[in-house]
2 protein chains.
Amino acid sequence: MKRIIEEYKAKGFRLTPQRIAVIEYLEGNTTHPTAEDIFIAIKKKHPTVSFATVYNTIQALKDVSGVTEVTIDPARKRYDPNTKVHHHIVCVKCGRIGDVMAEYANELALPKNVLKEFTVIGSHVDFYGVCRGCEN
Amino acid sequence: MKRIIEEYKAKGFRLTPQRIAVIEYLEGNTTHPTAEDIFIAIKKKHPTVSFATVYNTIQALKDVSGVTEVTIDPARKRYDPNTKVHHHIVCVKCGRIGDVMAEYANELALPKNVLKEFTVIGSHVDFYGVCRGCEN
DNA sequence: TTGGCTGCAAAATATTTGCAGAACA
DNA sequence: TGTTCTGCAAATATTTTGCAGCCAA
């Protein structure tokens, strides 16, 4: 996440204590937190922090590719600081999201009619399953 | 969509004019409409229809596997009456969502650590691209 | 110093829910 | 006829925005 701080500076973003707290919270975080999760975590160090700041910071991080939005949860947006190519698996019982470190681009051949209509940029796989903890 | 009507009856759901209108609107629909899209469409025939009825009907359809929720759009839920195995591609410029009629389950080998943590049920691929209409 | 950021509050958007009356089966 | 659905309205949840004052650079 050090890289992110450098990119922040390079782009002229300000490194406020709140932003640093968000970056530190996300560093290495594999829980795919929601904006609220981030808000609650940051609040411990900065009790007056607001959602506006959390969303503002998330947006700034997205702008420098410091986080990506995870859309596997239809209820709310989740954020992932892991910028390596990877995919996700969600437990359909508890909603926990796991990372799937794999690269499938070459395996995913598209039908001709799609290739005719779109220039493909990328892809992401959502896996659905049941985690050990929920498998009673 | 005939099947849906049968399953509706079998489960004791009522076939109201509003529900039939939703089913007819969705039948063969490949536009991946939002709840609002459905609401607006149904309103033409049933001007007094409410969002409650639309969401109620969507839920009932989900219960009999008549529609699936599409999560590729982070802004809102979209619905898809196509119950055959397929995937989606979204134009990153206009947001239009296309169907990718393909089956990848066998191509998507999961890392051991994931298989250790989850029993996999299924998967869905989100493709990102630019559609011909948005190119240049 | 100063332009960007924070925090508060309000707004906007999306979805869900309670309930009285309507209507399907 | 009785149970479920509809429609209205209000509630809830999530995310965005306006703006005055603050602060990192």
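In what follows, chains carry the letters A, B, and so on, assigned in the order in which the sequence lines appear, proteins first and then strands, with residues in each chain numbered from 1. Just so it is clear, the structure is predicted and the values come from calculations on it, not from any experiment.
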Checklist entry - A/Thr48 side chain N/O closer than 4.0 Å to the phosphate oxygens (OP1, OP2) of C/dG7? => result yes
Item to check | For atom CZ of B/Phe51 and atom P of C/dA14, their distance in whole Å | outcome: 8 Å
Checklist entry - Looking at B/Glu7 and B/Arg3, does any basic side-chain N land under 4.0 Å from a carboxylate oxygen? => result yes
Checklist outcome for this item: Between NZ of B/Lys43 and P of D/dG7 the distance, given in whole Å, is 10 Å
Checklist entry - Using a cut-off of less than 4.0 Å, is there contact between a side-chain N or O of B/Thr16 and OP1 or OP2 of D/dC5? => result no
Next on the checklist: Does C/dA14 have OP1 or OP2 under 4.0 Å away from a side-chain N or O of A/Lys77?
Outcome noted: no
Checklist entry - Mapping B/Val49 and B/Gly12 onto DNA chain D by nearest heavy atom, which one lands closer to the 5' end? => result B/Gly12
Checklist entry - A/Val22, A/Ile4: one ILVMFWY side-chain cluster at the under-4.5 Å cut-off? => result yes
Next on the checklist: Within the 4.0 Å heavy-atom criterion, would you say A/Pro47 contacts the bases, only the backbone, or no part of the nucleic acid?
Outcome noted: nothing
Next on the checklist: It should be established whether A/Gln18 places a side-chain nitrogen or oxygen under 4.0 Å from OP1 or OP2 of nucleotide C/dG7.
Outcome noted: yes
Checklist entry - Taking the inter-plane angle between the rings of A/Tyr104 and A/His87 on a 0 to 90° scale, is it parallel (under 30°), tilted (30 to 60°) or perpendicular (over 60°)? => result tilted
Item to check | A/Ile5 CD1 to D/dA24 P, straight-line distance once rounded to whole Å | outcome: 15 Å
Checklist outcome for this item: To the nearest angstrom, the CZ-C1' distance between B/Phe39 and D/dG7 comes to 10 Å
Checklist outcome for this item: Axis-to-axis angle for the helix from C/dT1-D/dA25 to C/dA25-D/dT1, ends of five pairs each, to 10°, equals 40°
Checklist entry - Between atom OH of B/Tyr25 and atom NZ of B/Lys44, what is the distance when rounded to the nearest 0.5 Å? => result 8.0 Å
Checklist outcome for this item: A/Arg76 has its side chain closest, among D/dT15, C/dC8, C/dA14, to D/dT15
Item to check | N/O (side chain, B/Tyr55) to phosphate O (OP1/OP2, C/dT15) under 4.0 Å | outcome: yes
Next on the checklist: How about NZ on B/Lys62, more than 12 heavy atoms from neighbouring residues, nucleotides or ligands closer than 6.0 Å, or not?
Outcome noted: yes
Next on the checklist: On the nucleotide D/dG7, are OP1 or OP2 found under 4.0 Å from the side-chain N or O atoms that B/Thr53 carries?
Outcome noted: yes
Checklist entry - What's the CG-P distance between A/Asp63 and C/dC5, to the nearest Å? => result 10 Å
Checklist entry - With respect to the side chain of B/Phe13, which nucleotide from D/dC5, C/dA14, D/dT15 is positioned closest? => result D/dC5
Checklist entry - Any side-chain N or O of A/Arg14 under 4.0 Å from OP1/OP2 of C/dC5? => result no
Checklist entry - Between CD of B/Glu117 and CG of A/Asp99, what distance do you get to the nearest 0.5 Å? => result 12.0 Å
Next on the checklist: Could you measure the distance from the OG1 atom of A/Thr57 to the CD1 atom of A/Ile20? Nearest 0.5 Å is fine.
Outcome noted: 10.5 Å
Item to check | Along DNA chain C (nearest heavy atom to each residue), the more 5'-positioned of B/Ala52 and B/Lys9 | outcome: B/Ala52
Next on the checklist: Tell me the interatomic distance from A/Ile20, atom CD1, to D/dA25, atom C1', rounded to whole angstroms.
Outcome noted: 13 Å
Checklist entry - Rounded to whole angstrom units, what separation is found between the CG atom of B/Asn56 and the P atom of C/dA14? => result 20 Å
Checklist entry - Within the structure shown, what part of the strands sits under 4.0 Å from B/Pro74 by heavy-atom distance: base, sugar-phosphate, or nothing? => result nothing
Next on the checklist: The side chain of B/Arg19 is closest to which nucleotide in this list: D/dT6, D/dT15, C/dG18?
Outcome noted: D/dT6
Item to check | Gap separating the NE2 atom of A/His86 from the OG1 atom of A/Thr30, nearest 0.5 angstrom | outcome: 9.5 Å
Item to check | Spacing between A/Leu15 atom CG and D/dC22 atom P, to the nearest angstrom | outcome: 22 Å
